[in-house]
Amino acid sequence: MKVLIIGSGGREHAIAKLVKRSGLEPRIFVAMDYRNPGLEREASETGGKWFIAPTTSPEKIVGVAEEVSPDLIVVGPEEPQFAGVTDALRDRGFTVFGASMRCAEIEKSKVFARTLMWKYGIEGRLYFKAFTDVEEARKFIEFAGDVVIKPARQAGGKGVKVVRDTQAYLSRDRAEVKKSYVEKLFNEMSSYRDIDYKIIVEQRVEGVEYTAMVITDGDTVLPLPLIQDHPHAFEYDTGPETGGMGSIQGPGWVLPFITDEEYRKTIEIVSNVLKALVKEVGEPYIGAFAGQMMLTGVWGPTVIEFYSRFGDPEASNLVPIVESDFLEILDRAAEKRLAGAKLRINEEIVTIVKAVAPAGYPDNKHLASSHPISIDEARIRELGCETLYASVEMRSDGILYTKGSRAFEIVCHGNSYEEAYKKAENAVTHISTLDGWPLFYRRDIGSSELLEDRKRVANRVRQVYMARAKNGLIGKILVWVPGEGILENPLIGFVR
Amino acid sequence: MSGLLTIYAFDELWNLSNILRYGLMALQHRGSQYYVVCTNESNSLKCYEDEDIDVAKKISSHVAIASTYSYQTENLFDVKKSDGYEIVAIVDRPWSAISDFTSALVVSLKNSRNRIDAFRNIIKTFQTDHSVSIPSLMVLTSDREVFVWRGPQGFTTFALGSYGFDMAIAASESVAIDILGGDLKRFLGCGEGVYISRYLFKTFSTDFSNGCSGVCLFELLYLSRHDSIVHGISVYEFRKALGAELAKYLDREVDVVVGVPETALPYAIGFANSIQKAFDMAFVATGGRRRSMLASDPFEKIVAIHLKMNPIRSSLEGKRIAIVDDSMVTGSTMKTVSQILRFRVGVKEIHLFIASPPLVHGCPYNVMRLDVQNLLAANLSKELAKSYLEVDSLHWLSKGDVDRVARRFGIRFCGKCFGVDYFGG
Ligand SMILES: Nc1ncnc2c1ncn2[C@@H]1O[C@H](COP(=O)(O)OP(=O)(O)OP(=O)(O)O)[C@@H](O)[C@H]1O
């Protein structure tokens with residue numbers, strides 16, 4: 001079976017590895033933006049081929065597809081979906097796993113996603129207000145309180161400003177930051193011509209984050225196990241927001257700090273959103289879909305945002321645990337035959353993924369780019385871990401160079417977090433730059449210390465949402481404005 | 001709100017500067033936004049006003065009257081002169097007639113030998129009927145005489161004290177006398193005054209002594225310090241008694257009893273003692289004591305609330321909490337507390353007990369600055385209040401409860417903002 005994977009990074013490498021194990025004798029073809037040696041190897045080892053092509057160009061990708069004539073095409077990242085690559089391929093009659101442009105709106109536009117949840121009354125929704133006009137936004141933010149400011153369009157995992165504002169004595173200083181940020185964001189977002197709303201201001205929540213991914217053909221929803229990403233660049237959840245510095249999973253379908261009931265509720269939310277989305281756009285949703293969730297005191301399972309694709313690095317955690325024929329599942333979804341499909345995973349083990357990035361990431365990708373880097377994959381394999389190639393490129397001199405983002409993802413597993421953690425810590429030592437440029441990764445990911453902390457936070461918010469549920473307050477934030485009455489508006493601040 | 005202070009040293013050797021400053025410091029919990037100090041300098045009067053308590057250091061004489069307020073506004077003091085004779089009056093709350101009053105009084109005092117009658121007569125012309133509410137006040141003259149007079153309705157109080165052979169002291173609250181090393185002697189009754197000069201110390205009453213409405217309940221509920229004595233009643237014991245009274249409304253198990261600092265701690269102790277549960281510290285303040293209820297700017301008020309509410313997590317996390325507060329005006333303190341307890345700490349249940357009845361009216365006498373539009377109990381049903389405050393249950397003392405406790409302590413309180421004329425006998 002010929003499979004064409006669109007995309008260039010660690011997520012696509014993980015998909016390739018999962019597909020490669022199939023009993024359907026897969027030959028893997030790849031269309032990527034740069035020479036990712038990991039993807040190259042999966043292609044050549046299965047007797048496939050790789051192409052360098054701009055993955056957001058429908059014409060170019062259709063061209064590759066016509067040359068390969070695959071049985072199945074898997075579109076990995078979101079940008080090709082936004083650009084209409086999936087639709088162009090389907091138009092030509094290809095069988096495609098990946099959200100259509102209209103379905104991918106759920107990731108692309110946070111305004112669309114939040115509006116959909118309100119319109120259909122889906123639980124786990126947050127209050128928000130979106131802006132097309134900078135003046136209006138500036139005025140609003142002056143009186144806004146405990147909020148998060150985001151670009152209204154998915155902008156590559158960057159640009160979220162979380163301003164905890166629960167101390168009135170600092171609220172004026174914070175209001176200044178919020179105002180400047182709104183202006184900066186408006187400037188940056190003005191280059192995106194494909195959206196009306198430029199920024200969104202939403203209710204800030206606290207808790208533990210996790211990702212709930214599913215595979216769907218628009219009717220059937222096949223849940224994957226919960227996985228937790230780590231968006232902060234540095235240890236102990238400090239530092240700027242990144243695309244994810246690593247992730248943990250297991251044992252089984254939930255995480256150690258999420259209950260079965262919370263998992264059930266999460267999948268219910270994700271399924272309800274899918275149902276509403278299909279209804280709204282009038283197209284089947286075929287592909288991977290994910291809720292980036294947070295367990296909060298406001299709702300319990302709460303939606304932070306959606307992915308119209310597999311998470312990165314979350315997809316990597318699937319590599320060691322999936323026991324079913326993954327390719328067959330993708331294929332059934334793409335052909336709308338997902339009903340009755342079962343996903344078996346190894347429920348005994350846990351997985352830890354750690355990303356290794358060059359210094360400079362994520363705030364100065366230029367600094368982080370073009371450093372020669374080497375990896376001793378054999379040693380990593382000896383430890384029982386897998387290497388996924390992400391933002392690294394093979395140049396004509398035969399040397400690997402960093403491309404500014406997370407260079408490698410190391411995927412380790414074990415019968416316990418301790419075991420997987422030891423392996424992962426060992427494995428990351430086999431990566432180094434050749435020019436002495438510093439690399440970093442997060443030692444704390446998968447550690448028992450961090451896990452205990454997550455459990456503690458989860459217990460705290462669990463107590464809160466349960467108490468609020470008992471009092472009929474789930475999801476509600478009430479403020480009293482004398483003279484106006486009780487309002488449900490958590491976006492209002494102290495400064496009036 | 002405000003604190004008034006008179007210090008009269010009979011011996012000219014005394015320089016009151018530091019003494020006045022510490023006396024005012026002992027009244028700062030009644031307001032610390034604005035200070036007025038007046039004294040005699042050679043043959044004339046001198047008044048200083050400032051936001052800083054150090055203004056007291058400008059005083060170098062042996063006689064002074066001074067006040068501290070939770071807000072700055074007009075009509076808090078007034079100086080009048082008549083042919084070289086001068087007086088100043090300082091009042092405990094803004095009084096629109098203050099200028100008319102001092103104009104009349106300066107003439108009356110200048111022209112009569114009987115000082116007390118002269119004062120009394122002028123008061124009489126201003127207190128034409130009971131509905132007129134004259135504030136408590138102090139008057140200092142250029143002849144180094146002082147009148148200290150408690151308003152006829154008696155909303156605020158005056159404690160009289162002495163320091164050895166040397167000083168007479170009058171203060172809104174007894175702690176000022178304690179802090180200056182003096183001895184508390186007695187309290188002025190409604191409409192009662194004291195005249196102090198170099199050679200005389202005489203108390204006197206005015207005709208309206210029967211118009212007593214009682215002490216503003218907030219004096220004992222919130223304003224006074226725990227270590228104060230008001231009309232012979234220990235503020236601390238009174239607060240514990242109201243807390244114990246509240247405990248009868250507890251209808252389920254709780255793990256700990258806590259009080260909203262700083263004022264509500266004795267209530268929580270009384271509550272905890274009466275149900276034999278642990279009383280626990282719950283919050284620690286940052287940057288010293290601030291009286292959130294006294295802040296006039298709503299933003300400053302929230303700042304004050306936030307600064308005093310850093311939770312002691314270990315005594316709260318995962319627990320069922322009975323939290324006691326002295327009163328609930330706008331509810332913004334309790335809303336803040338419940339958000340902290342829920343979201344930052346993570347408690348199982350919050351049961352809120354308020355040691356006074358629901359506040360439903362503004363203050364007709366302008367003693368308390370209560371805007372009825374902002375009063376939680378006047379605007380929200382109990383169910384809505386519970387939801388807004390995110391508490392599992394909400395209990396208030398009944399008017400009958402407060403009345404009973406007031407009778408037990410032998411005191412009468414004005415209860416207009418709670419919807420009754422008075423509490424107690
Ligand atoms: N409402 C919120 N309250 C608190 N934190 C939030 C909120 N929204 C976002 N965050 C934090 O910011 C991070 C990024 O937010 P979000 O996922 O919406 O942005 P993004 O830029 O699209 O990121 P991603 O790389 O995950 O696509 C979240 O993982 C979360 O930690």
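Letters go in sequence order (proteins before strands), and every chain restarts at 1. Bear in mind that the values here come from a model prediction, so they are computed numbers and not experimental data.
Counting heavy-atom pairs closer than 4.5 Å to chain A, the top-ranked of the candidates B/L376, B/T336, B/I350, B/L341 is B/L376. Here A/G483 is the residue among A/G207, A/G483, A/G485 with the most heavy-atom pairs under 4.5 Å with chain B. Most heavy-atom pairs under 4.5 Å with chain A, from the set B/S332, B/G318, B/G331: that is B/G318. Annotation: maximal heavy-atom pairing with chain A below 4.5 Å, among B/R344, B/E317, B/R342, B/M309, occurs at B/R344.
Interface residues of residues 461-475 of chain A toward chain B, defined by a heavy-atom distance below 4.5 Å and sorted by number: A/Q463, A/V464, A/A467, A/R468, A/K470, A/N471, A/L473.
Of the atoms belonging to A/V205, not a single heavy atom falls under 4.5 Å from chain B. Interface residue B/L380: only side-chain heavy atoms are found under 4.5 Å from chain A. Using a 4.5 Å cut-off between heavy atoms, B/E349 contacts chain A through its side chain alone, with no backbone atom that close.
Scanning both residues, A/W480 and B/N379, for their nearest heavy atoms gives CZ2-CB, 3.6 Å.
No more than 12 heavy atoms of other residues, nucleotides or ligands shown are found within 6.0 angstrom of CD on A/E449. Annotation for A/E261: atom CD counts as buried by contact number, over 12 foreign heavy atoms lying within 6.0 Å. When the shell of 6.0 Å around CE of B/M281 is examined, it contains 12 or fewer heavy atoms from other residues, nucleotides or ligands. Counting non-hydrogen atoms of other residues, nucleotides and ligands closer than 6.0 Å to CD of A/E183 gives a total above 12.
Using modelled atom types, one side-chain atom of B/K335 and one backbone atom of A/L478 make a donor-acceptor pair closer than 3.5 Å. Proximity of a side-chain donor or acceptor of A/R460 to a complementary backbone N or O of B/F343 within less than 3.5 Å is detected. Looking at B/H306, its side chain never comes within 3.5 Å of a backbone N or O of A/Y169 through a donor-acceptor pair.
Rounding to the nearest 0.5 angstrom, the gap separating the CG atom in B/N310 from the CD atom in A/Q167 is 8.5 Å.
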